[in-house]
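All values below come from the heavy atoms of this structure, side chains included, with hydrogens, waters and symmetry mates left out.
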Amino acid sequence: MTKEKKSKPSKDLPLGFVDRQEKELLVRDFIISNIKEVMIKYGFQYLETPSFEYSDSIGKFLPDKDRPDEGVFSFKDENKWLSLRYDLTAPLARYVAKNYLEIPKPFKRYQLGTVWRNEKPGPGRFREFLQFDADFVGTKSLQADAELCVMISEILEKCGVTKSEYIIKISSRKITEELFKKLNINNNQQKLTALRALDKIDRLGWQGVKELLGEGRKDKSGDFTKGANLSTQNIEIIENELKKKIPKTDDLKEVLKIFKDYNFDNFEFDPSIIRGLEYYTGTIFEVNLKFDVTNNKGQVIQFGSIGGGGRYDNLVNNFGNYDAPATGISIGLDRLVYALTQKKEFKIKQSKPVIICVFDKNLMKEYVGLQTILRKSGISTEIYPGENKLKKQMEYANKIKSPAVILYGEDEIKTGKPTLKNLSSGEEKIIEMKELVYEIKKII
RNA sequence: GCAGCAGUAGCUCAGUUGGUUAGAGCACUAGUUUGUGGAACUAGGGGUCGGUGGUUCGAAUCCACCCUGCUGUACCA
């Protein structure tokens with residue numbers, strides 16, 4: 001008999017998409033519960049918006065005939081383009097514009113939601129991920145900007161990240177803006193390229209950044225990146241000015257003053273923080289973890305920031321004539337989860353069920369009775385889901401990391417006393433029915 | 001997108017200058033124990049050697065193209 005050629009459906013996942021397992025999800029749930037607690041304390045309201053929006057509602061990546069998928073996942077529905085949201089800020093702007101007359105001003109909201117980006121994934125970076133956002137819309141007060149930093153610190157510390165393990169880096173768009181003005185750098189394209197270059201100090205160091213501010217840079221693989229073509233003189237002035245790390249602008253001075261009111265000092269001024277280019281107008285900040293994070297081969301990797309934010313005073317009025325200055329923060333939860341699970345001290349308790357072994361289908365009534373007693377006492381319990389030899393049932397219990405099995409077969413039924421087997425020690429004990437709950441609680 | 005490297009079992013990988021029926025460890029299945037998991041032993045299943053075409057008596061091995069992945073880089077709201 002010859003084997004028939006069959007093309008089976010692929011088991012592979014699309015690039016950048018992953019299955020997430022319980023271990024990870026429990027950590028995520030833990031973080032989320034801390035976030036919600038803090039958000040309530042800070043007076044933010046909870047909002048959810050849909051995954052899809054009309055493409056032209058959520059930003060600059062308008063699908064066109066040539067490249068409808070640039071950066072976002074889009075499709076044409078009837079004759080309108082829809083896109084999966086790529087962040088939570090653009091939908092917020094849309095929401096505020098749509099509900100402007102009803103919502104309180106200023107409007108404070110937080111949102112947890114999956115976002116999608118059609119771009120190349122990297123270690124710890126996926127094309128589908130969960131984001132947390134908190135924003136103030138409709139206030140120019142820098143109190144808001146400062147409070148966001150204080151708030152994220154509280155969340156991190158609640159999650160077990162100690163003060164020495166993270167830092168908030170803060171800067172303002174006005175720093176580079178004023179600098180460019182002073183140096184008479186007016187070409188918009190040049191300014192954007194220069195900002196992008198400055199954003200890479202962490203990775204490339206000043207040497208690489210200076211190449212990018214000038215003619216350009218060749219990377220390790222030999223690929224060449226064009227630079228901003230600034231004059232050597234200007235490049236030097238920029239380097240000297242930024243290396244001084246003096247927060248000259250008024251907005252920064254004020255934010256730092258408010259930090260003092262809050263007794264918040266776990267930050268540093270870092271003029272190399274740039275973030276989204278066309279978007280932020282004032283203060284910008286980034287949340288960085290300082291402990292080592294390793295990949296699955298045990299190598300320490302450059303983890304970068306787990307999130308950040310800043311002031312975007314022009315976004316909402318793109319939708320209408322509302323003056324809605326805003327400031328906000330976004331955190332990538334998956335990255336935070338990944339980092340947290342790497343901390344040795346970090347443990348989340350997983351309760352696995354006690355397994356009641358099935359000796360005889362006809363005894364099912366007894367097993368259900370036992371299960372009910374245990375579940376009522378709050379003990380996670382399951383009757384072995386199937387019909388198999390005891391050996392199989394034990395293997396199953398072992399595989400799911402069950403703490404104990406209950407053996408209640410012919411022998412035990414006679415006396416009405418079940419056998420309890422502790423699966424980590426291997427110890428077996430005949431237990432009075434009355435004592436069963438007590439004995440199990442000792443084990444789990 | 002650009003550049004470099006790589007693709008052999010579910011996973012990690014070996015496979016000599018091209019040569020019979022492509023291997024190992026882990027995992028999986030069955031048994032050694034018809035009421036006992038984690039250890040050991042025995043046996044077993046599982047591969048279009050990424051795909052297509054070419055060179056050759058003969059290709060996992062050489063060549064071309066394509067696909068996929070990894071890394072760097074670009075973009076990143």
Side-chain angles (χ1 to χ4, degrees), chain A residues 2-8 10-16 53 55 57-62 67 69-72 83 85-93 115-123 125 127 131 133 192-193 195-197 199-200 203-204 208 211-212 216-227 274-280 295-297 299 301-302 304-305 308-310 312 315 318 328 330 332 355 357-360 384 388-413 419-428:
Chain A
T2 51
K3 262 191 190 171
E4 253 183 63
K5 266 194 200 173
K6 257 192 219 165
S7 73
K8 290 182 184 162
S10 171
K11 292 166 278 193
D12 298 334
L13 289 168
L15 173 66
E53 299 267 356
S55 303
S57 305
I58 56 168
K60 60 178 182 177
F61 289 97
L62 307 182
R67 317 197 61 154
D69 289 336
E70 177 86 31
V72 292
S83 295
R85 62 186 177 206
Y86 55 80
D87 74 358
L88 299 177
T89 312
L92 169 67
V115 302
W116 294 266
R117 293 188 189 179
N118 190 357
E119 59 191 26
K120 186 188 155 181
R125 281 185 183 278
R127 299 210 290 181
Q131 203 169 298
D133 268 49
L192 287 179
T193 311
L195 285 176
R196 286 185 186 121
D199 197 30
K200 297 179 176 62
R203 211 151 29 89
L204 306 180
E211 285 170 27
L212 285 173
R217 173 179 177 270
K218 215 186 230 183
D219 73 36
K220 249 200 245 169
S221 66
D223 194 27
F224 186 77
T225 311
K226 268 167 105 181
I274 303 293
R275 300 196 65 82
L277 293 174
E278 328 241 343
Y279 192 92
Y280 293 112
N295 64 12
N296 53 10
K297 285 177 186 159
Q299 302 156 318
I301 53 173
Q302 272 273 356
S305 74
Y312 50 100
L315 191 64
N318 285 342
S330 332
I355 303 296
C357 293
V358 177
F359 288 83
D360 184 342
Y384 176 77
N388 246 324
K389 289 195 270 191
L390 189 56
K391 185 183 165 91
K392 284 282 154 211
Q393 304 191 31
M394 296 296 290
E395 278 170 4
Y396 170 78
N398 188 54
K399 182 89 183 176
I400 66 163
K401 299 198 170 80
S402 164
V405 295
I406 293 169
L407 304 173
Y408 200 55
E410 243 183 291
D411 304 348
E412 288 87 356
I413 295 266
T419 300
L420 178 65
K421 177 162 184 163
N422 179 333
L423 283 182
S424 53
S425 68
E427 184 196 5
E428 259 176 52

Length of the [atom1]-[atom2] vector between [X] and [N], whole Å:
| X | N | atom1 | atom2 | result |
| --- | --- | --- | --- | --- |
| A/Glu53 | B/A77 | CD | P | 19 Å |
| A/Glu211 | B/G72 | CD | C1' | 15 Å |
| A/Asp87 | B/C75 | CG | C1' | 16 Å |
| A/Leu204 | B/U73 | CG | P | 6 Å |
| A/Asp199 | B/C76 | CG | P | 9 Å |
| A/Arg117 | B/A74 | CZ | C1' | 16 Å |
| A/Arg127 | B/C76 | CZ | C1' | 14 Å |
| A/Asn118 | B/C75 | CG | P | 18 Å |

Contact letters for nucleotides 32-45 of chain B, in which S counts primed atoms plus P, OP1 and OP2 and B counts the base, heavy atoms under 4.0 Å: B--BBBB-------

Secondary structure of RNA chain B in dot-bracket form (Watson-Crick or G-U wobble, distances below 3.5 Å, | marking inter-strand pairs): (((((((..((((.....[...)))).(((((.......))))).....(((((..]....))))))))))))....

Which pair of heavy atoms, one from [X] and one from [Y], lies closest together, and at what distance?
| X | Y | answer |
| --- | --- | --- |
| A/Arg275 | A/Ser305 | NH1-OG, 4.1 Å |
| A/Gly426 | A/Lys421 | O-CE, 3.7 Å |
| A/Leu407 | A/Cys357 | CD2-SG, 3.7 Å |
| A/Ser402 | A/Leu423 | O-CD1, 3.4 Å |

Between [X] and [N], is there a contact of a side-chain N or O with OP1 or OP2 at under 4.0 Å?
| X | N | result |
| --- | --- | --- |
| A/Arg217 | B/A3 | no |
| A/Lys200 | B/C75 | yes |
| A/Lys218 | B/G72 | no |
| A/Arg196 | B/C75 | yes |
| A/Arg203 | B/G72 | no |

Qualifying residues under ring-ring contact (aromatic ring centres under 6.0 Å, His included), relative to A/Tyr408, sequence neighbours excluded: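 Checked A/Tyr408 against ring-ring contact (aromatic ring centres under 6.0 Å, His included); zero matches.
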
Expressed in whole Å, how much space separates the [atom1] atoms belonging to [N] and [M]?
| N | M | atom1 | value |
| --- | --- | --- | --- |
| B/U16 | B/C63 | P | 15 Å |
| B/U34 | B/A30 | C1' | 15 Å |
| B/G44 | B/G50 | P | 27 Å |
| B/C70 | B/G45 | C1' | 32 Å |
| B/U8 | B/G69 | P | 14 Å |
| B/U52 | B/C67 | C1' | 10 Å |
| B/U21 | B/G15 | C1' | 15 Å |
| B/G46 | B/G4 | P | 41 Å |

Plane angle bin for A/Tyr396 and A/Tyr384 - parallel if under 30°, tilted between 30 and 60°, otherwise perpendicular: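 Perpendicular, since the angle between the ring planes exceeds 60°.
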
Side chain A/Glu211, main chain A/Gly208, donor-acceptor under 3.5 Å: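 Here the side-chain-to-backbone pair does not exist.
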
Under 3.5 Å: donor-acceptor pair, side chain of A/Glu53, backbone of A/Pro91: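 It does not hold such a pair.
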
Is_stacked (A/Tyr86, B/A77) at 5.5 Å, 30 deg: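 It does: the two rings, one from A/Tyr86 and one from B/A77, meet the stacking criterion.
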
Touch class at under 4.0 angstrom, heavy-atom based, for A/Lys392 against every strand present: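 Sugar-phosphate contact only - A/Lys392 comes under 4.0 Å of backbone atoms but never of a base.
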
Just to verify, what does [X] make a side chain to side chain contact (heavy atoms under 4.5 Å, CB included) with, not counting sequence neighbours?
| X | answer |
| --- | --- |
| A/Gln131 | A/Asp87, A/Leu88, A/Val115, A/Arg117, A/Phe129, A/Asp133, A/Ser330 |
| A/Ala93 | A/Leu315, A/Val316, A/Phe319 |
| A/Leu204 | A/Lys200, A/Leu212, A/Arg217 |

